[in-house]
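First the structure, in the form of structure tokens, and then the observations on it.
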There are 2 protein chains.
Amino acid sequence: MSDLLERLRTRGWRLTPQRRVIAEVLAGEHVHLTAEEIHARAQTKLPETGLATVYNTLNELVSLREILEVSTGEGPKRYDPNVRRPHQHLLCIRCAELRDVYPAEAPTLPASEQHGYEVLDAQITFRGLCPECRKQSPASS
Amino acid sequence: MSDLLERLRTRGWRLTPQRRVIAEVLAGEHVHLTAEEIHARAQTKLPETGLATVYNTLNELVSLREILEVSTGEGPKRYDPNVRRPHQHLLCIRCAELRDVYPAEAPTLPASEQHGYEVLDAQITFRGLCPECRKQSPASS
DNA sequence: TTGAATGCAAAGTGTTTGCACGTGC
DNA sequence: GCACGTGCAAACACTTTGCATTCAA
């Protein structure tokens, strides 16, 4: 589970209580949270945790490539602790829940469509309605 | 080209000079612009054009499904006038240029990975370096 | 001990909104 | 004529930054 903390320690990361709690929140969740949500959960464990520290820490973890920053196109970014296993995302367009999916193949862009770009990766987001939101109103976009 | 204006007129859209100019800017460009860029171009044609009006108009066109709003994950949103032909995007991670690509297949999510969602569509963004940015510094992320 | 991390509040972006004025139909 | 569009500035949501203080190593 949270070998995240292990890895960070061996990489010489300065381990403060706030950082530990933030890393725990990330590792303990299976849905991808926003900075505010991470802050709220962190504060229940350690009240003296500022929102700015949460942002600072998240940005640092992104730079260290220990988490992924995911923008849903609407509202705040979400942070994905699952960097080890390549995956794609499934987004609820109503409630913005974001979860991982593991489909078969990653698409590639034919050379004829690369237009001189050096293509590094492809990011896929499936969009739809989560089970909860389907109940409330099955259709309409 | 700009049958966009045709369609809007027949849909009973109130056609002001500002709206005409904004629609022309959208139709005339092959790269996807930000609201600021659209505003700047619109002002060269019609100086009395406010940024708020640009945002209002773009949002309205999005609701009318005459343009697409595309978030690049970093920085401002971009607006894609190409709503007729299904396509995907190629994004430069350095300069944020965004262009359309037309690869073969749209991926589908196997039922076993749908987790109770009603999947509506899939959005693919290929990420890489555009020709210009490759010149300046071919690698490093 | 000391450089790095923290909380807070202020600043920064990108976007939306309230309101008085102007205008397409 | 009048409902709707406009420009402007203020408000807004999210994120970053400056600075004095605290603390992990």
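In the text below, chain A, chain B and the rest are named by the order of the sequence lines, each starting its count at 1. Source: prediction; values computed, not measured.
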So which nucleotide from [options] ends up closest to the side chain of [X]?
| X | options | answer |
| --- | --- | --- |
| A:Tyr55 | D:dT16, C:dG7, D:dA24 | D:dT16 |
| B:Pro76 | C:dT15, D:dG5, D:dT17 | C:dT15 |
| B:Leu51 | C:dT17, C:dA5, C:dT15 | C:dT15 |
| A:Thr53 | D:dT6, C:dT6, C:dG24 | C:dT6 |
| A:Gln18 | C:dG7, D:dT17, C:dT17 | C:dG7 |
| A:Arg19 | D:dT6, C:dC25, C:dT6 | C:dT6 |
| A:Ala52 | C:dT6, C:dC8, D:dC8 | C:dC8 |
| A:Ala35 | C:dG14, D:dT15, D:dA24 | D:dT15 |

Using a cut-off of 4.0 Å on non-hydrogen atoms, how would the nucleic acid contact of [X] be classed: base, sugar-phosphate, or nothing?
| X | answer |
| --- | --- |
| B:Thr34 | nothing |
| A:Pro47 | nothing |
| A:Glu36 | nothing |

To the nearest Å, how far apart are [X] [atom1] and [N] [atom2]?
| X | N | atom1 | atom2 | result |
| --- | --- | --- | --- | --- |
| A:Leu46 | D:dT22 | CG | C1' | 14 Å |
| B:Glu74 | C:dG12 | CD | C1' | 14 Å |
| B:Lys77 | D:dC14 | NZ | P | 11 Å |
| B:Leu58 | D:dG5 | CG | P | 15 Å |
| B:His39 | C:dT15 | NE2 | C1' | 14 Å |
| A:Asn56 | C:dC8 | CG | C1' | 12 Å |
| A:Asn59 | C:dA5 | CG | P | 13 Å |
| A:Glu48 | D:dT22 | CD | P | 13 Å |

So, for [X] and [Y], which heavy atoms are closest and what is the spacing to 0.1 Å?
| X | Y | result |
| --- | --- | --- |
| B:Asp100 | B:Asn82 | OD2-ND2, 3.0 Å |
| A:Arg94 | A:Cys133 | CB-SG, 3.6 Å |
| B:Ile22 | B:Ala42 | CG1-CB, 4.5 Å |

task: Please confirm whether any donor atom in the side chain of B:Arg14 sits under 3.5 Å from an acceptor in the base of C:dG24, or the reverse.
output: yes
message: B:Arg78 vs B:Glu97, test: side chain to side chain contact (heavy atoms under 4.5 Å, CB included). Steps then yes/no.
response: CA-CA 10 Å; B:Arg78 285 159 188 279; B:Glu97 181 184 272; over 6 Å; no
- request: Five pairs at each end of the helix from C:dT1-D:dA25 to C:dC25-D:dG1: take the axis at both ends and give me the angle between them to 10°.
  value: 40°
query: Any ion pair linking B:Arg99 and A:Glu113 (charged N to carboxylate O, less than 4.0 Å)?
result: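 No salt bridge links A:Glu113 with B:Arg99.
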query: So, B:Glu74 and A:Lys77, do they make that salt bridge, N to O below 4.0 Å?
result: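 Judged by the 4.0 Å cut-off on N to carboxylate O distance, B:Glu74 and A:Lys77 do form a salt bridge.
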- request: Report the residue from A:Arg41, A:Arg19, A:Lys45 that forms a side chain to side chain contact (heavy atoms under 4.5 Å, CB included) with A:Glu24.
  value: A:Lys45
task: Please work out whether the ring planes of B:Tyr102 and B:His87 are parallel, tilted or perpendicular, with thresholds of 30° and 60°.
output: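 It falls in the tilted class, 30° to 60°.
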- prompt: Which comes earlier along DNA chain C counting from the 5' end, the contact point of A:Gly50 or that of B:Trp13, where each point is its nearest nucleotide?
  reply: A:Gly50
- prompt: Does B:Thr16 place a side-chain N or O at less than 4.0 Å from the phosphate oxygens OP1/OP2 of D:dT6?
  reply: yes
Comparing A:Gly75 and B:Thr57 on DNA chain D - which has the more 5′ nearest nucleotide: B:Thr57
